[in-house]
Amino acid sequence: MKKKINKKKLISNLIKGDEKAYAYIVEIHYNDLCCYASNLARDNFKSEDIVQNVIINLWQKRKKLNTEISIKNYLYRSVYNEFIDQYRKQMSISALEKKYIEGLDSFYETHDDNQIDLLINVVKNGIEQLPPKCKETFLLSKNEGLTYVEIAEHLNVSVNTVEKHMVRAFSILRKKMKKKICHILFLLSGYSPV
């Protein structure tokens, strides 16, 4: 009975914003959640991203928690849901990348090196003109190769904010540039501003 009261109190303290309660929950469950995520994702880096997203969301959504829940079950279900979300995103990104790679092949067949250099410069200028937060987020992703979770930690923002900045950056770049030029965005993963 005492354990049940302590668990309720722990969740209650978390809901109130008690950082010690949050740190305790993370410390107790983090390694087991990583093992569970690793079994789902079969990739240690992805599994850590999944668990970090869940841990960040736990803090951000703490006020919506019910004191009657099993925090362990909640975290495991959250890891599973995050894995499914990332898997779906990855599948759609893979399809999108395939489309752009096919577009790049035909693009290269019809353009010479001077035209390609010119188009890359147009894209670089477009990136330079992005709103500051979008530009910073975009460059951390494309130039530094950081994951959304790493960018969120670096900028001290939520993963959702990072996603919104990336969507906005791509949207702005697509609007500013002709359809063909968008294929060049995939070439710029090593882009560094001059």
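Computed from heavy atoms alone, side chains included, the values below leave out hydrogens, waters and symmetry copies.
Checked by atom type and distance alone, the side chain of Arg62 pairs as donor or acceptor with a backbone atom of Trp59 at under 3.5 Å. Of the possible polar contacts, one joining the Asn57 side chain to the Asn53 backbone as a donor-acceptor pair under 3.5 Å is found. Checking side-chain atoms of Glu150 against main-chain N and O of Thr147 turns up a donor-acceptor pair under 3.5 Å.
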Side-chain donor/acceptor pairs under 3.5 Å, residues 67-80, sequence neighbours excluded:
unit_1	atom_1	unit_2	atom_2	d
Glu68	OE2	Lys8	NZ	3.2
Ser70	OG	Asn73	N	3.2
Ser78	OG	Tyr74	O	2.8

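Atom CG of Asn156 has 12 or fewer neighbouring heavy atoms from other residues, nucleotides or ligands inside a 6.0 Å radius.
Remark: Glu19 pairs with no residue by the salt bridge (Lys or Arg N to Asp or Glu O under 4.0 Å) rule, at least two apart or across chains. Every residue was checked against the salt bridge (Lys or Arg N to Asp or Glu O under 4.0 Å) condition with Glu153, not counting sequence neighbours, and none meets it.
Among all heavy-atom pairs drawn from Lys20 and Asp18, the shortest one is N-OD1, 2.9 Å. Closest approach of Ser47 and Ser38 over heavy atoms only: CB-N, 3.4 Å. Taking each heavy atom of Thr137 and Ile151 in turn, the nearest pair found is O-CD1, 3.9 Å.
Remark: His154 NE2 to Leu146 CG distance equals 7.5 Å, nearest 0.5 Å. Interatomic distance, CG of Leu10 versus CD1 of Ile25, reported as 4.0 Å (0.5 Å rounding).
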